[in-house]
Amino acid sequence: MILYGKPVADALLDNAASKIDNLAGKTPKLVIITNPNDPASQVYAKNKIKACVLCGINVETIAMPENSTTQQYLNLLAKLNQDKKVTGIIVQLPIHKTADEKIVSSAINKEKDVDGFLKDSYFPPCTPAGIIHMLDFYKGKGFLAGKNAVVIGRSEIVGRPMAKLLLDRDATVTICHSKTENLKDFTKHADVIISAVGKPNFLTSDMVKPNACVIDVGINRVNGKLVGDCDFENLKDLCDITPVPGGVGPMTVATLVHRLPILYQKQLQKEAEHEK
Ligand code: NAD
C-alpha cells in the first residue's frame, strides 16, 4: 500500500479551518522568518503559507537581509515574542551563516514555538508528530505496540524525537546513524522503518522485510526532481511506503498549521487569567 500524506493532511487542515471558524472572526497569525538566499527554505515557507491561507490564518514573512547577525535575529524575535497579534513564529532553517542557528532558534517564546523545536515546547517537532498521525490513520492507533521500529537518523528535529514518539507508543525502537555498522542487520528485522538520512536511493529492497512499513522522510533533489531516501519503485510492491513528494511533507505542514488555533486559544486563556 502506498501511504499518501495528502488525505491525512487534508483532514487535519479541515479540522484546523473549522477550529478557526469557531474563533468568531478572530484570526491567528503566523510569522515566518526566512532566508531569501536559500531556495529550499523558500519552498518550505511557501508550502506553509499556502496551507495557512487555505485555513484562514494570517501569515507574515520577514526576509532577513544577507549578513544578518545573531543579535539582529534576537532583536526581531524579542519584538515578535512580545507582540500579542503574533500567535506562532517560525525561523525557517537554514538561517544566514552569519548568525548562530542554535541561539536564534532557542530565542522563540515557547508559547509561540509552533515548530516544537524547544526542549519545553508544548508540542514535539512537526515531522515526527505528523508521521505518528499518519500511522494512526492508515494502521490504527494500536499498530505500533510491540513492533520493531528502526529510525535511521539521529537529528534533534526528526530522528531523536521520532524515536521517543515511537517508544511512547510501545514500539521497540532502535536508532541507527552514520556510525552504525551493518545497518541492514537492523532494517531487515524491522516492522517499521523511518528513514531520515537525506541520501537518495539509500534504503533498497534488499534491506527491508516483506510487508514492513517504510516512512521516507528524506528530501533530495536529483536532476531537478524531488526524491526521498528510498528506492520507491522496488519497495512499493514489497511493503507499505510513503511517496516523495506527497508523503511526509504534507503531514509536516498540516501538523504545523493545525497547531496555530490551539496556540491561539492557549494564549487567549492565559491573557484572560492575567486579567482576572
Ligand atoms: P540531518 O542531516 O540532521 O540528519 C541526517 C542523519 O542521517 C544523521 O543523524 C546521520 O547520522 C544519518 N546518516 C547519514 N549517513 C548515514 C548512513 N550512511 N547510515 C545511517 N545513517 C546515516 O537531517 P534531518 O534534518 O534529520 O533530515 C533528514 C532528511 O529528512 C533530509 O533529507 C531532510 O531534508 C528531510 N526532512 C524532511 C522533512 C519533511 O517534512 N518531509 C522534514 C525534515 C527533514
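Whatever order the structure lists them in is the order used to number ligands and atoms, beginning at 1.
With hydrogens and angles ignored, the 3.5 Å screen pairs no side-chain donor or acceptor of His133 with any backbone N or O of Thr255.
Side-chain contact check for Ser121 and Asp113: at least one donor-acceptor pair (N or O, by modelled atom type) lies under 3.5 Å. Using modelled atom types and a 3.5 Å distance limit, the side chains of Gln42 and Asp38 yield no donor-acceptor pair.
When non-hydrogen atoms are compared, ligand 1 lies under 4.0 Å from the side chain of Ile152 (C-beta onward) but not from its backbone. Contacts with ligand 1 closer than 4.0 Å are made by side-chain heavy atoms of Thr127 only, the backbone lying farther away. Proximity of Lys199 to ligand 1, defined as any heavy-atom pair under 4.0 Å, is confined to the side chain (atoms from C-beta onward). The backbone and the side chain of Val217 each have at least one atom closer than 4.0 Å to an atom of ligand 1 (non-hydrogen atoms only). At a heavy-atom cutoff of 4.0 Å, ligand 1 is contacted by both the backbone and the side chain of Val197.
For atom 44 (C) of ligand 1, the nearest non-hydrogen atom of the protein is Val158 CG2, 3.9 Å. Scanning the protein heavy atoms around atom 40 (O) of ligand 1, the nearest turns out to be Thr252 OG1, 2.7 Å. Atom 21 (N) of ligand 1 has as its closest protein heavy atom His177 C, 3.0 Å. Of the protein's non-hydrogen atoms, Gly198 CA, 3.8 Å is the one closest to atom 31 (C) of ligand 1. Scanning all protein heavy atoms for the shortest distance to atom 11 (O) of ligand 1 gives Ser178 N, 3.0 Å. In terms of protein heavy-atom proximity, atom 19 (N) of ligand 1 is nearest to Phe202 CZ, 3.3 Å. For atom 4 (O) of ligand 1, the closest heavy atom belonging to the protein is Ser155 CB, 4.0 Å.
The CG atom of Leu3 lies 5.5 Å from the CD1 atom of Ile215; values are rounded to the nearest 0.5 Å. Rounding to the nearest 0.5 angstrom, the gap separating the CG atom in Asp229 from the CG atom in Asn201 is 10.0 Å. Residue Ile89 holds its CD1 atom at 4.5 Å from CG of Asn81, rounded to the nearest 0.5 Å.
Here is the list of ligand 1 atoms found below 4.0 Å of a heavy atom in Val248: 41 (N). Counting the atoms of ligand 1 from 1 in the order shown, those under 4.0 Å from a heavy atom of Gly249 are 40 (O), 41 (N).
Applying salt bridge (charged side-chain N to carboxylate O under 4.0 Å, His left out) to Glu111 and the options Lys270, Lys84, Arg259, Lys266 leaves one that passes, Lys270.
Within 6.0 Å of atom CG in Asn223, 12 or fewer heavy atoms from other residues, nucleotides or ligands are found, so the atom counts as exposed in its surroundings.
A chain of hydrophobic side-chain contacts below 4.5 Å, direct or via other Ile, Leu, Val, Met, Phe, Trp or Tyr residues, connects Ile132 to Leu12.
Considering backbone and side-chain atoms alike, Ile219 places an N or O below 3.5 Å from some N or O of ligand 1. For ligand 1, the polar-atom distance check finds an N/O of Arg154 within less than 3.5 Å of one of the ligand's N/O atoms.
At a 4.0 Å cut-off, at least one heavy atom of Gly218 sits close enough to ligand 1 to count as contact.
Judged as a side-chain hydrogen bond (donor to acceptor under 3.5 Å, both in side chains), and not counting sequence neighbours, the contacts of Lys29 are Glu60.
The other residues sharing a hydrophobic cluster with Leu226 are Tyr44, Ile219, where clustering joins ILVMFWY side chains under 4.5 Å apart.
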